Structure formats: structure tokens, C-alpha cells
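Excluded from the calculations below are hydrogen atoms, water molecules and symmetry mates; all remaining heavy atoms, backbone and side chain alike, are included. Please read all numbers here as calculations on a predicted model, not as lab measurements. Note on naming: letters A, B, ... go to the chains in the order of the sequence lines (proteins, then strands), and numbering restarts at 1 for each one.
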Amino acid sequence: MPSPIPLLCLLAAGCAVTPGTLDLSDEPIDEAVRLTLDHLEQAYAFTDHKRLDWDEVRHELQPLADAARTDEERDHVLRRLVPHLPDAHVQLFHDDPSHDLCPEARHALGPTLADLDDGRVIVAHAPRGPLQVGDTVITWAGLPVAEARTRSPTWCFPLGAATTERRRQVELRALARGPVGSEVEVEVTRDGVLHTEVLHAQADTHDIRAAFGIELPTTLVQSERLPSRMAYIALGWEETYLAETRVQRALVAMRDAPGLVLDLRGNDGGMDMPAANIAGMFSTHRFFYETVTFLNHRTYEQEVIAELWVEPQELYWGRPTAVLVDADTVSSGEGLTYLLKKMPQVQVFGFEGTAASFGSTGSRVLLPGGWTLTFPGGRGLDRHGRILLDSDHTLEGGNRPDQRVPSTEDLVLRHHAGDDVVLETAVDWLQEVTR
Amino acid sequence: MIWLAVALAADPTAAGTAVRPHTAALLPAGSATVRWPLGRTAVGLTDRIGWFVTPFDPTIGGPRTGLEHGGRLGDIRWSTTPSVGLKGTGKRASLRLEATGTWTTGAHALTAQLAVDARWTRQLVIDEELSHELAYDRLQSHVLALWDTPHSRLKLRLPIADHGEGLRWASASAAWTHTTRRVHLAAGVGLLMGRPYDRYTLGHYQWWFWLPYPELDLAVRL
């Protein structure tokens, strides 16, 4: 949830509870890293929850920073920071977006890899190169794939990975990338026969998010009637009253639909109160949502900012509802999922859980060389004061699907071929319960 | 929060209906007052009854219309004001009752107002069948105190109930006033203090706000 607190602080006097910006852009890299780590240790909202060991981080990064002499070495140190913060709200980006792709992952080796529930890693998509869709990967660059994936350049991923599930995704996405001109020998089984192939890295995109398979939503609310007569609403983010108003209008327009698919895949968050108000369209009673805290820059303590409740709205949708999520459902998109999961008419569907990154983001460190690091300075708490949704030190958190779509070979290949198998599964359920 | 601050600048009270120096009185029959940019625009129907429209009153519930009935007991003027409000979508209605009393001595006047606002929601229920249900939503209530002198107005507002909570915030304002036979102008500043409710960002604020806001009230008697 991007914080609305800055806006309010423009209106209110004496505000110390804002997502602050620490400007270290003119510092030498060794000093910038030292000060950044000191700042994060005090200001990052989940150090204790995630049991982060800042001394260990210093031990790894500070020597690299002290030794950095070139721009490339500087960039490498900064990129190495992100994996230490398992949180999708932690993001590193450059003023010049074409600078974001790190050298170790600049080019694509060709395939898209995917984990299956049976433990295999398969080629899910192969737009070019010698590998074929459905190949099972055995070795990668001479190492068993289980070991090779842990050595892939995951530090090039510009966001923190907050769950084990997400980390494994990032490993495979990073494995399928390499430096300019690189070649990798890969062993795969195809129809039970072992094949050895060589992959050649080629340029594909300058967009780091596209390179790692992240698509940002471009539409606030998209609605349509599915061929099954079910209503379909995709919510890209939660923003002011526009989001709730458009969802309400879409529901009213499709009021004769027997069921609803609410697609929150890729929902990249927004503000918490619109999420609560949208959830209120699915509830007949008022109930507690969260307590929001934020860092007070004077005391360096978390301070309670607000208490949010879900209240019934002018429209109540009581019909069966399928909510679709994925690992890119983040922040207040996760909050909305969390609220909807409480409703008896709602079931959540997806291959995977949500991003487990719910805190109040917006705090920034401006770093040398045009880099910016963002991180959450605030928390969402439940009624008992426990941190809500953000993953803990075990990398567990977020919302798990009520009905998980299994990662079988058939479904994963269909998914990567463009079939929306999560939507199909959700519609099958809706048709069954509304028959 | 912005809406709240804007609404605080409005002067929907009976005390603001008439152009000074007849503060806190109903308009004479056949007389009309237009207020700008917010507040109560009114017509005196008789010497004891006025009709009014409040075009913008979001803290309480939207555009509002009603009848005001007033009288006089010695130095004390009084009025009771039932009104109905409709939210912009037309699906939320509220009924407000106000009781206002003003004690005038010389050029000074002290006014107190108690307003109770009950809201109903016409809820569209999309369930096994479509239905419309009229549901009680919530109760809001505030008290307002005004002190008028020949060239100034002090205003203090306290919500007794606001989204299930009471006495969480207050506002105070001071305005310079200038009045001619047809025109009344008040310009000043106000301060919201406390922990208000905000439907659009973060709900019930637990953080103490000090929120200054401008206040402008222009009334023209037709």
C-alpha cells in the first residue's frame, strides 16, 4: 500500500510520521552503503519479524563497497542488497530504466522454465533454441539443476522475494538469463531420452521487469461478461474512490450474472481504504480490517496511524465469487484478498500464494549513480497487534489459494501456451455451485 | 480529509442564514440569501418559517434541503430545522434535526446548535435474488458554538458521534466579518484538531492532526 500519509502531512503540521527520503546520492559508494544499512536497520519495518541479521549483511556488502572502484562494481554492490530483504516492497531501480538490466542477466538464453509439483523442472515455453516444450531439465552448466538454480543471478531481480515459492520462481527466471554472448550446456530428457543441448544468449528486452516475467497492470478496472454468463472484473490496483466506484458499477451492470470472477492477479496494490470499501460490497456486517503503523522519524518507533474497518456498502454482492491471485498480487491487493477470504461466498484460486508484502511502503534511499531503493516503513497489524500478511523469517505469509491449481505438466504447459487455466478452474467451480 | 476540511468551512447553521446584523434570525418573509461558496441558501417564507438548500455538506451527507421554523423568546431567538439529505448517488438518505438558540445582547450574539443526523442506505442486494433493502447506516451528531461580534466570528465544532466514535476531533475558526445592508463577508482560518475519520484513505486516524484550513463565507441578500 503506497502511503497516503505524505498528502495528509502536506495538510497537517508537525508531521514526523512520513515515508522519508534519505539522500545519499552524492556520497561515495562505501559511505552510501554504510549509511544505507544503518538506516534500514532502524527504519525497515520488518527486521524483527523476518529476523534480519544486519551485521551479516554488512559483513557481506561492506567489503564489496569498500573495494568498488568502477560504476559496474558500484552497481553490483547495490544489486546485492535487495536479496537480503525478502519483501516485494523493496525495490531497486535506476533513473535510466535501460540501466536496470544487470550484466549477468542482460540476455535471454531462450526457454522459460517452470517447477512442477512432482519436483521436476521443465521447459514451459521455448520460443527459440534447441530445447522443446515439455523437456525435463537434468543439468544446467554442468550442475544438477537443483544446484544450478541456487547459483543463478537472482540479485538481478529488482524486487525482494518474500516467499519460498517466489524465490524458486526467481531462481528459474534468473537461470534462463545470462551475460552477453554467453553459452550454456544443458542436459534434458525428452521422451525418456537424454539430450545435450547448447543455449546461446540473445538480446530480448531492456525492461528488467519484462525480463523477469513481471507485467504491471495498465487498467484500473476491466469488466466483461464471460461466455459462461459469469461476471468478470479485473482490478489492477486500489486507488481512491475510483476503484470502488468502478467495481460497484461493473457489478450493477452484470447483476444478473450467477457468479463473479474477481481477478486480482498482478494487482500491485494501492490504498487500503478503497480495498476495505470494495470488500464491504461482499459483507453484510462491519468488521475490523487492520491497524496501520508507520515509522516516526523522530523516535524511530512504529507509531499507530489509523484503524481500518470494513463496512457494508450500498451494494451487496452475495453470489458465489472466485478470486484469482498470483505471486504478483501484492500490498493492498493482498489485503483485499485477505478480507474476501473471510466471506462465505468467496473462494480464492491460483497456482501460488500472494506476494506476502503488505506493509506501508514509500520510504526511499537515493543512492549514488542514479539508483533509488524503496522499502516499507510501516506495518499492517491484525486485531491482536500481530503483523498481517507480510512473510516472517520462515518466508511464510500472504494468502494461500483456497483451491490451488496444481502445477502438473499438462496445466503448466497449457498456462504458458496462453490458456488461462486458473480462470477455467474458477469458472468450473462457479458453474458447479450455481447449477 | 480534504472534503472534511472544505466542509468545515461551510456555515450551514441557522445563525448563518440571515445577513448580519440580523444574525441568527430567520429571513423576513419574501427575502432571500445566497451564500457562496458553501453553506445555506435560504428564502424567508413567513416571519417564522424559512426554506433552505445546503448545496454541499459532505461531512453530514450531501446536498440537503429543509424547512426552518423559528421564533423569539425575549433576547433569545430559536429555531428547529428538520432537513433531508441525499448523497450524490441518490442511494443514501439522511434525516437531520437541528435545534439552534441564539442569545443576542447589543451587537454581540452567542449561538449554540445541536444537530443529530440519522442516515439510511438504500442497499442493492445481489444475492439469490435481487432486492433493495433500506438499512439504517449510522448516526452522526455535532454541537456548534458561535460567538459574533460586530467584525468577527469565532466558531467551535465538536462531533458527539462520527462513524461510531465520539469527541475524536474538534474544529475552531476565527473570521473577520464585514457586513453591509445586502452583503455579508467572512474570511478567516480554522484549525481541525484530533483524530478524524476519512473514508478515502485510512479510515479512523489514530494520529493526532493539526490541520489548518481557510474559511470563506460570502452571503448576498436578494
Derivation and outcome, ring pair (Phe, Tyr, Trp, His ring centres under 6.0 Å), residues A:W309 and A:F288
CA-CA 4 Å; A:W309 290 71; A:F288 181 80; 5.5 Å; yes
Begin with the C-alpha distance, continue with both residues' side-chain angles, and end with the deciding distance and a verdict on side-chain hydrogen bond (donor to acceptor under 3.5 Å, both in side chains) for A:R249 and A:S223.
CA-CA 10 Å; A:R249 282 182 191 158; A:S223 62; over 6 Å; no
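Using a 4.5 Å heavy-atom cutoff, the side chains of A:D87 and A:F375 are not in contact. Annotation: side chain of A:D402 is not in contact with side chain of A:F349 (no heavy-atom distance under 4.5 Å).
Neither the backbone nor the side chain of A:Q345 comes within contact range of chain B; no heavy atoms are under 4.5 Å apart. Heavy atoms of A:E244 lying under 4.5 Å from chain B belong exclusively to its side chain. Of the atoms belonging to B:E128, it is backbone heavy atoms, and not side-chain ones, that fall under 4.5 Å from chain A.
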